[in-house]
2 protein chains.
Amino acid sequence: MSDELITCVGEHPTQHPAQEHLIDPETAREVARLFSALADPTRARIIGLLANAELCVGDLHRLLGMTQPAVSHQLRLLRDLRLVKARKEGRHVYYSLDDEHVYRLFQEGLDHVRHG
Amino acid sequence: MSDELITCVGEHPTQHPAQEHLIDPETAREVARLFSALADPTRARIIGLLANAELCVGDLHRLLGMTQPAVSHQLRLLRDLRLVKARKEGRHVYYSLDDEHVYRLFQEGLDHVRHG
DNA sequence: TTAATATATGAGCAATCGCTCATGTGTTTG
DNA sequence: CAAACACATGAGCGATTGCTCATATATTAA
């Protein structure tokens, strides 16, 4: 965060000094997609639970007090983002985190909300 | 991530061992609100720019190639979340980051997208 | 003062989101 | 086999999002 303090004059963006720090649209979309995973209370709670234990859909649906389809839909979303992985065992499907980075992001976000 | 591997049987959520890791709805909402800030390509790009330099609305709107109102609306959102602060100077308003945590979150998210 | 510039804001609209309800698939049990 | 269970999935619907367009406010310049 080196706040370069640049005057606001350039009419042509290509010559603005901050230009080099502008992330391209495609990367921006992916970053946004990643953070979208945690940008919903239900998904945040799911990540929080799966961070500590492998759980099946039924457990999640009971713990969260939500409909089973609601949980399944969110799990599908998290699975598509490869943040969560599924392990089938009999008629149960156990979910767990599949991305350490996301757990760190989640923890930092949680800390930020709880203290300071 | 200590994946305790618990059997999926308890019909009553209150007695499930994972219960203690369940974050309450209010905290979950705040966490989600925090991550929502970065869960949009435009806002992610804004944070990325402001992470390196203080910029006025006009610069942002030119650099991003977006309408000025579009940028102002997103800045308003970020301001409400206290992630960004505004400094008025003449008829310009300079924005900069107001939250170190968010810069870290952003950087980690960006790294995660760029390399593994 | 008038005009131009820089920004903020409200209304409105298409797109997306997160849920519910119904139903489909696969597995186990009786 | 049939019934029950665990989960996935699609349609549909209200709420939210992110933009545009028009306009309001504030500051500087002529």
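The sequence lines fix the lettering, A, B, ..., with proteins before strands; numbering per chain opens at 1.
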Who are the ring-ring contact (aromatic ring centres under 6.0 Å, His included) partners of H112(A), not counting sequence neighbours? H101(B)

Side chains of [X] and [Y], heavy atoms from C-beta outward: is any pair under 4.5 Å?
X       : Y      : result
Y103(B) : D99(B) : no
D24(A)  : T27(A) : yes
L83(B)  : D98(B) : no
L34(B)  : L81(B) : no

Only counting residues at least two apart or in another chain, list the ones meeting salt bridge (Lys or Arg N to Asp or Glu O under 4.0 Å) with R91(B). none

Pairs touching residues 102-116 of chain A that satisfy salt bridge (Lys or Arg N to Asp or Glu O under 4.0 Å), sequence neighbours left out: R104(A)-E108(A), R104(A)-E108(B), E108(A)-R104(B)

Residues 26-51 of chain B vs salt bridge (Lys or Arg N to Asp or Glu O under 4.0 Å), sequence neighbours excluded, gives E26(B)-R29(B)

When the distance from [atom1] of [X] to [atom2] of [N] is rounded to whole Å, what number comes out?
X      : N       : atom1 : atom2 : value
D59(B) : dT5(C)  : CG    : P     : 16 Å
H61(A) : dC21(C) : NE2   : P     : 13 Å
L60(A) : dC19(C) : CG    : P     : 13 Å
K85(A) : dC7(D)  : NZ    : C1'   : 20 Å

Contacts of R79(A) that satisfy side-chain hydrogen bond (donor to acceptor under 3.5 Å, both in side chains) - sequence neighbours left out: Y95(A)

Which residues satisfy the side-chain hydrogen bond (donor to acceptor under 3.5 Å, both in side chains) test with T67(B), sequence neighbours excluded? none

List for me each residue that meets side-chain contact (heavy atoms from CB on, under 4.5 Å) alongside S36(B), sequence neighbours excluded, and say none if there are none. A39(A)

K88(A): side-chain contact (heavy atoms from CB on, under 4.5 Å) partners, not counting sequence neighbours: V93(A)

In residues 39-47 of chain A, what residues come within less than 4.0 Å of DNA chain D, judged by heavy atoms? none

Could you check which residues of residues 25-38 of chain B get a heavy atom under 4.0 Å from DNA chain D? Sort them by number, please. none

Decide side-chain contact (heavy atoms from CB on, under 4.5 Å) for E54(A) and R87(A); before the verdict, give the C-alpha distance in whole Å, the side-chain angles of both, and the deciding distance to 0.1 Å. CA-CA 9 Å; E54(A) 188 185 45; R87(A) 180 178 64 85; 2.8 Å; yes

Below 4.0 angstrom from OP1 or OP2 of dA8(C), is there any side-chain N or O of Y95(B)? yes

Using a cut-off of strictly less than 4.0 Å, decide whether H92(A) has a side-chain nitrogen or oxygen near OP1 or OP2 of dT27(C). no

Distances under 3.5 Å between nitrogen or oxygen atoms of protein and nucleotides 25-30 of chain D:
residue	atom	partner	partner atom	Å
dA26(D)	O3'	K88(B)	NZ	3.4

Which of residues 68-81 of chain A sit near DNA chain C, with a heavy atom under 4.0 Å from it? P69(A), A70(A), H73(A), Q74(A)

